[in-house]
Amino acid sequence: MSIVNNDGYILAFQFTNWYPSFTRVSPESAAIRPLGKDFKHLLEPDSIFVPEGSEDVLVEKFWSRVVENTLSDDSDDEREDIATAGERFSLPVLNERIRFVIREYKAVFPKLNFSSLKDASWVLPASSPLKCTTPGVIYLLLKSSDFITHDFSIESVFDGCRTDNLPVYELELILRKWYPVDRSCEVGCFILTTATGIMQRDTNFYDFMIDLEIQKTIRTTFCNLWERVVRPNWNFPQKDCGHVIDFNPYAPHTDLLLFTYEELREVLSKATRDASVRRKFLPELRVIDSLLHPAATRSMPAYQHNRVPIEALTLSEGRNIVEFGEITWREEVTRVLREDDT
């Protein structure tokens, strides 16, 4: 199976296109649209304020530190512009729509049309990742996420699609009812005409995942979910099965984690080789089977590269923080000063 790149296929994975068919086995959700130009302006890299009337204690503390650091490096005129920008920026209608959903769900975790904000989870307490109870916290997560930039423009969403006439596309804010998810039990599943592969989503090592009986349970549960739920489009009474959190296209920007596209195609080829194999086939399951696994996180924070400027990552070249501070940064500062003198 080749990677599919056409606009109709990509749009099928937009949240509001698949969710109505999967509401019985997916968390309750609400979509807010249209969002307008002000919302896009909020997400622009140069915007450092959340809208007026959306703040809470956590957000106020976070942004006060950002503003203090920014003002210390700016001229008097720039300070005045920055200090007044937040006072003029407000989204009262959107704030109220968000609060309405939060009152119904108690707490939500946000995403956009395609992308989640999981790379920004470090902003909030680890005990309740992505749990939002005010508009301000949602804006804070949106401003802290790099993943959502994929959804900003029609060009990035349909990048690589073979078409001259791109479809209508508008940004959507999705608010999903928050509930604690056991990351150790979260798996990603691949469908290449049939159930093909399963992988552990959290790349930490869990000893129970190497138990063969548990692995068999995971594989058969996923097959049941595919055969009884996904394929017939949920037209059956809900039974014991997994919950659907999201769908992603079979496309280059989808992170396969423990598989490669070539490996998935090889698994599919074996599964469809003859009828006897197809009847007995269970999708291949890949897990972090030891602390020495090449993909194991080894207790490092997830998406740690999203917490520092990209320039710092580029300059570091694999050095630790001490070497970076004592050698690399000093060399870079010296180089810039020399360039200024010439």
Side-chain angles (χ1 to χ4, degrees), residues 13 15 18-19 22 25-27 29 109-112 114-124 126-131 141 145-148 150-151 174 176-192 195-226 229-230 240-261 263-264 267 282-307:
F13 293 90
F15 182 86
W18 66 258
Y19 179 72
F22 297 84
V25 288
S26 192
S29 304
F109 62 98
K111 63 169 292 176
L112 296 185
F114 297 92
S115 304
S116 75
L117 285 66
K118 59 184 179 181
D119 63 320
S121 60
W122 59 273
V123 174
L124 300 181
S127 59
S128 52
L130 300 182
K131 182 179 182 179
L141 285 176
S145 174
D146 290 333
F147 286 3
I148 62 170
H150 165 270
D151 297 14
I174 311 299
R176 315 206 68 188
K177 185 174 182 178
W178 187 90
Y179 71 98
V181 176
D182 186 349
R183 292 297 307 278
S184 69
C185 297
E186 190 177 355
V187 295
C189 308
F190 299 97
I191 305 294
L192 280 67
T196 304
I198 310 171
M199 68 177 181
Q200 179 181 330
R201 289 282 297 170
D202 184 359
T203 53
N204 284 295
F205 169 67
Y206 299 100
D207 54 3
F208 71 86
M209 286 293 259
I210 62 177
D211 185 294
L212 295 181
E213 284 299 315
I214 290 179
Q215 291 190 11
K216 184 178 180 181
T217 298
I218 294 172
R219 296 167 75 190
T220 54
T221 299
F222 171 54
C223 284
N224 289 336
L225 184 68
W226 162 244
V229 181
V230 179
D240 292 335
C241 61
H243 280 183
V244 174
I245 300 297
D246 213 346
F247 287 93
N248 286 293
Y250 187 67
H253 64 264
T254 297
D255 189 356
L256 304 186
L257 289 179
L258 304 183
F259 283 94
T260 66
Y261 285 105
E263 290 169 338
L264 285 172
V267 173
L282 286 176
E284 181 173 332
L285 171 64
R286 294 190 177 183
V287 302
I288 304 298
D289 55 11
S290 78
L291 291 170
L292 300 178
H293 191 286
T297 301
R298 298 186 180 89
S299 299
M300 293 185 295
Y303 311 112
Q304 58 180 339
H305 54 284
N306 292 73
R307 306 186 186 189

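In this chain, residues are counted from 1 in sequence order. Note: hydrogens, waters and symmetry copies are ignored here, and every other heavy atom, side chains too, is used.
- Relative ring orientation between Tyr19 and Phe15 is described as parallel, the plane-to-plane angle staying below 30° on a 0-90° scale split at 30° and 60°.
- When every heavy atom of Asp119 is checked against every heavy atom of Asp146, the shortest pair comes out as OD2-N, 2.7 Å.
- Here the closest heavy-atom approach between residue Leu117 and residue Leu130 is recorded as O-CD2, 3.5 Å.
- With rounding to the nearest 0.5 Å, the separation of OG in Ser184 from CG in Asn204 is 9.5 Å.
- Here CD of Gln215 is found 7.5 Å from CE of Met209. Values are rounded to the nearest 0.5 Å.
- Heavy atoms only, all atoms of each residue included: Phe259 and Ile198 are closest at CE1-O, 3.4 Å.
- In this structure, Phe205 and His293 have side chains that are not in contact, with every pair of non-hydrogen atoms separated by 4.5 Å or more.
- Expressed to the nearest 0.5 Å, how far SG of Cys185 lies from OH of Tyr206 amounts to 9.0 Å.
- In this structure the side chain of Phe109 never reaches within 4.5 angstrom of the side chain of Ser116, judged on heavy atoms.
- Side-chain atoms of Asp151 come within 3.5 Å of backbone N or O of Phe114 as a donor-acceptor pair.
- Between the SG atom of Cys189 and the CD1 atom of Ile218 there is a distance of 9.5 Å, given to the nearest 0.5 Å.
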| Run the salt bridge (Lys or Arg N to Asp or Glu O under 4.0 Å) check on Lys216 and Glu213 step by step: do they pass? | CA-CA 5 Å; Lys216 184 178 180 181; Glu213 284 299 315; 5.7 Å; no
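- To the nearest 0.5 angstrom, Leu141 atom CG is 13.5 Å from Lys131 atom NZ.
- With hydrogens and angles ignored, the 3.5 Å screen pairs no side-chain donor or acceptor of Trp178 with any backbone N or O of Pro110.
- Leu258 has its side chain within reach of Ile288: a pair of non-hydrogen atoms, C-beta onward, lies under 4.5 Å apart.
- Heavy-atom minimum distance, Ser29 versus Arg176: OG-NE, 2.7 Å.
- Side chain of Glu284 to backbone of Thr196: no donor-acceptor contact under 3.5 angstrom is found.
- Note that OG1 of Thr217 and CG of Leu212 are 11.0 Å apart. Values are rounded to the nearest 0.5 Å.
- Leu285 approaches Met199 most closely through the heavy-atom pair CD1-N, 4.5 Å.
- What you find for Pro283 and Gly197 is that their closest heavy atoms are CB-N, 3.9 Å.
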